[in-house]
> 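Submitted below is the structure of interest, expressed as structure tokens.
Every value quoted in this text rests on a predicted model; they were computed, and no experiment measured them. One-based numbering, in listed order, for ligands and for the atoms of each.
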Amino acid sequence: MREYKIVVLGGMGSGKSTLVRSIAAGSVVDTDVANSDRLGADKATTTVAMDYADIDLPNGDRLRLYGTPGQQRFDFLWPVLLRGASGVLLLVDGSRQRCADELSSSLQVLALHGSGTPVVVGVTRLDLALEDPMEQLSTLAVLDGLVVPVVPLDARTRLQGMLLMDVLMGEMEAHALVGSDG
Ligand SMILES: Nc1nc2c(ncn2[C@@H]2O[C@H](COP(=O)(O)OP(=O)(O)O)[C@@H](O)[C@H]2O)c(=O)[nH]1
Ligand SMILES: [Mg+2]
């Protein structure tokens with residue numbers, strides 16, 4: 001049996017809590033509380049601690065899914081969480097005008113602290129976007145000279161969450177192959 005630590009990163013309101021809940025479907029520690037960060041966003045609730053879920057896969061492997069707090073002042077947690085991570089799901093709110101800038105700065109943090117951990121980008125809330133940002137985001141998604149997959153994602157949908165996870169597992173296998181080569 002193998003265990004994988006999967007870290008869900010992304011800005012506030014990008015769908016991290018929703019994704020962890022969708023994938024786990026019921027077995028999640030819910031940490032959303034009333035939002036005290038009124039400047040950050042106008043959501044009624046927000047995440048102060050981590051979302052966490054344990055998922056047993058049919059083949060006996062286990063996923064440990066960690067959703068990071070989205071408020072700006074918690075960014076210092078990223079490097080800590082990335083330690084020992086098998087993979088990263090990076091969420092970007094595709095309805096935000098500045099989503100390309102957000103993707104770029106997140107990838108910069110990962111370039112510094114990700115130490116080669118496989119990454120897949122999930123673009124959420126596309127149904128609310130005024131312009132489709134997918135092409136621009138795909139062009140931007142390069143890390144350590146390698147193309148990072150960019151996948152549209154409705155975080156509320158379990159199937160789409162599982163598909164995103166599937167793409168990440170594929171990346172993790174590819175990295176493992178390359179790693180064992182030399
Ligand atoms: N319309 C729409 N809403 C979404 C989508 N993905 C997530 N959401 C919603 O976006 C809001 C913010 O998600 P949340 O998980 O709290 O974001 P977090 O701050 O990253 O944890 C929630 O109300 C979700 O239901 C999507 O694809 N479309
Ligand atoms: Mg949250």
> For atom 22 (C) of ligand 1, tell me which residue out of Asp51, Thr18, Leu9 has the closest non-hydrogen atom.
Thr18

> Any sub-3.5 Å donor-acceptor pair from Lys5's side-chain atoms to Leu65's backbone N or O?
no

> Hey, is Gly10 one of the residues with a heavy atom under 4.0 angstrom from ligand 1?
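Contact absent.
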
> When you measure from the Mg ion (ligand 2) to the N, O or S atoms of Ser17, does any of those distances fall below 2.8 Å?
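Yes, Ser17 qualifies, because one of its backbone or side-chain N, O or S atoms lies under 2.8 Å.
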
> Could you check whether any heavy atom of Asp93 sits closer than 4.0 Å to an atom of ligand 1, since that is the contact criterion I want to use?
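The answer is no: ligand 1 sits nowhere under 4.0 Å from a heavy atom of Asp93.
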
> Between ligand 1 and Gly15, is the shortest N or O to N or O distance under 3.5 Å?
yes

> Could you tell me which residues satisfy ring-ring contact (aromatic ring centres under 6.0 Å, His included) with Tyr4, sequence neighbours excluded, listed by chain and number?
none

> Would Gly13 count as a polar contact of ligand 1, with the cut-off being nitrogen or oxygen pairs under 3.5 Å?
yes

> Could you tell me whether some N/O pair between Arg125 and ligand 1 is separated by less than 3.5 angstrom?
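Such a contact does occur with ligand 1.
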
> Give the atom numbers and elements of ligand 1 that come within less than 4.0 Å of a heavy atom of Leu128.
1 (N)

> Check ligand 1 against Asp154 and write out every atom of the ligand that is under 4.0 Å from a heavy-atom position of the residue.
5 (C), 6 (N), 26 (C), 27 (O)

> Walk me through it: do Asp93 and Thr124 pass the test side-chain hydrogen bond (donor to acceptor under 3.5 Å, both in side chains)?
CA-CA 5 Å; Asp93 179 349; Thr124 59; 4.6 Å; no

> Quick check on contacts: which atoms of ligand 1 are under 4.0 angstrom from a heavy atom of Leu153?
27 (O)

> Going by the atom numbers of ligand 1, which of them fall below 4.0 Å from some non-hydrogen atom of Gly11?
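Atoms satisfying the 4.0 Å criterion: 20 (O).
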
